[in-house]
2 protein chains.
Amino acid sequence: MPPSTTAASAAAPSSTKSATSEGSEERFLHSPLAREVAFLTARARGRGNALANQLLADLDLKVRHFSVLAMACSGTNPSQRELGGFLDLDPSQVVALVDVLEGRGVIRREPDPRDRRSKILVATEAGQELYAQAARRTREAEDQTLKKLSSAERDQLRELLARIVF
Amino acid sequence: MPPSTTAASAAAPSSTKSATSEGSEERFLHSPLAREVAFLTARARGRGNALANQLLADLDLKVRHFSVLAMACSGTNPSQRELGGFLDLDPSQVVALVDVLEGRGVIRREPDPRDRRSKILVATEAGQELYAQAARRTREAEDQTLKKLSSAERDQLRELLARIVF
DNA sequence: TGATAATATTGAGAAAGTCAATGATTTGGC
DNA sequence: GCCAAATCATTGACTTTCTCAATATTATCA
């Protein structure tokens, strides 16, 4: 038996080209998925990540490396486990990331005076300098992705996101 | 020669256990990274995804499958290429996802009357039913992840995110 | 018509994520 | 103080996801 609904009855994609740079996405803007914050955050993260990775490329960094470098520069002296918890990384991923950054001489593993199992991450001088350069680029990336938002709206977005993830 | 800066001078993680369920993250809350929306969206996406995947598990769905099912159910009749663009998926990933969903009989590839290269995605009856069940679960997941936000704040968050990703 | 581009597909390889096992160490109960 | 259980970093295997190039079919357009 044939399905009750006949498909492909509403689409008219190729006729009108949008004036802006966007393609045929207006059609999907009112779909239920486009209202889910899970979808929206996934897309925001995807776009932001891609742009940031692009801007960090000439420093041989990806956002994942930048994130651990940033934490090593933060003065909070995180252990690897704490870092993994904060960045949502498996312990094994942490050692891999720390290995490459330590291999580049930008961070160090230091013994934790309170617990000899644990290792504390700190940035070297070179690490601080690299972080300074990288942070400029990620700020640029953030500015770009938030360009449609006012300063107040950016703070608002930050605050709302912080409320749901902490 | 010893390094100029002595590390591990400020941490006191294990002494006070937080009253809530969170661990030692308060220490990192004022780090620069915690103010970056790239980081916040990544974390939000990670948490949301994990919870949604959990709630969808008994339907043998992940959010990635749910997303294409949702679009197939939306009445917008997306082509595979359009779907990939909207969901930030490589064409090859789209065919893989569509293959499994079509194999389960919940969506169909239909010929695009305007372009015989392209294939349009529509949901079957079984697909609509599966989507109804799945959507309940993702709504539950969203409600859970946004539980600290008022209804107005949720709308605000949705609107701000939509502005930056569309 | 013929050249160029776009669509879905395949396949290969890299990157990222997941998980279990292990040695060293700490913690907590006794 | 001692022993069992838990925790931390690490390794290695494995799965999933991502990325990219090549291809056959079909559209577009000069």
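Here the structure is a predicted model, which means the values were calculated and not measured. Sequence lines set the chain letters: A, B, ... in the order given, protein chains first and strands last, and positions in each chain run from 1.
- We find that CD of B:Glu110 is positioned 16 Å from C1' of C:dA8, with the value rounded to whole Å.
- Atom CD1 of B:Ile107 and atom C1' of C:dA8 are 14 Å apart (whole Å).
- The CD atom of B:Gln54 sits 11.5 Å away from atom CD of B:Glu140, with the distance rounded to the nearest 0.5 Å.
- Remark: B:Arg109 pairs with B:Gln80, B:Asp99, B:Glu102 by the side chain to side chain donor-acceptor pair (under 3.5 Å) rule, at least two apart or across chains.
- For B:Asn49 and D:dC18, the CG to C1' distance is 15 Å, given to the nearest whole Å.
- A:Gln128 is linked by a side-chain contact (heavy atoms from CB on, under 4.5 Å) to A:Cys73, A:Ala123, counting only residues two or more places apart in sequence or in another chain.
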* To do: Scan nucleotides 7-17 of chain D nucleotide by nucleotide, 5' to 3', and note B when protein non-hydrogen atoms come under 4.0 Å of the base, S if they reach only the sugar-phosphate, - if neither.
  => BSSBBB---SS

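- Rounded to the nearest 0.5 angstrom, B:Thr145 OG1 and B:Arg45 CZ are separated by 14.0 Å.
- Using a 4.0 Å cut-off between charged nitrogen and carboxylate oxygen, A:Asp143 and A:Arg154 count as a salt-bridge pair.
- Rounded to an integer number of Å, the gap from CG of A:Asp88 to C1' of C:dA16 is 14 Å.
- For the pair B:Leu97 CG and C:dA8 P, the interatomic distance rounds to 14 Å; values are reported in whole Å.
- The nearest whole Å value for the distance from the CG atom in B:Leu89 to the P atom in D:dC18 is 7 Å.
- Using a 30° and 60° split on the angle between ring planes, A:Phe86 and A:Phe166 fall in the parallel class, below 30°.
- Between the CG atom of B:Leu101 and the C1' atom of C:dA8 there is a distance of 17 Å, rounded to whole Å.
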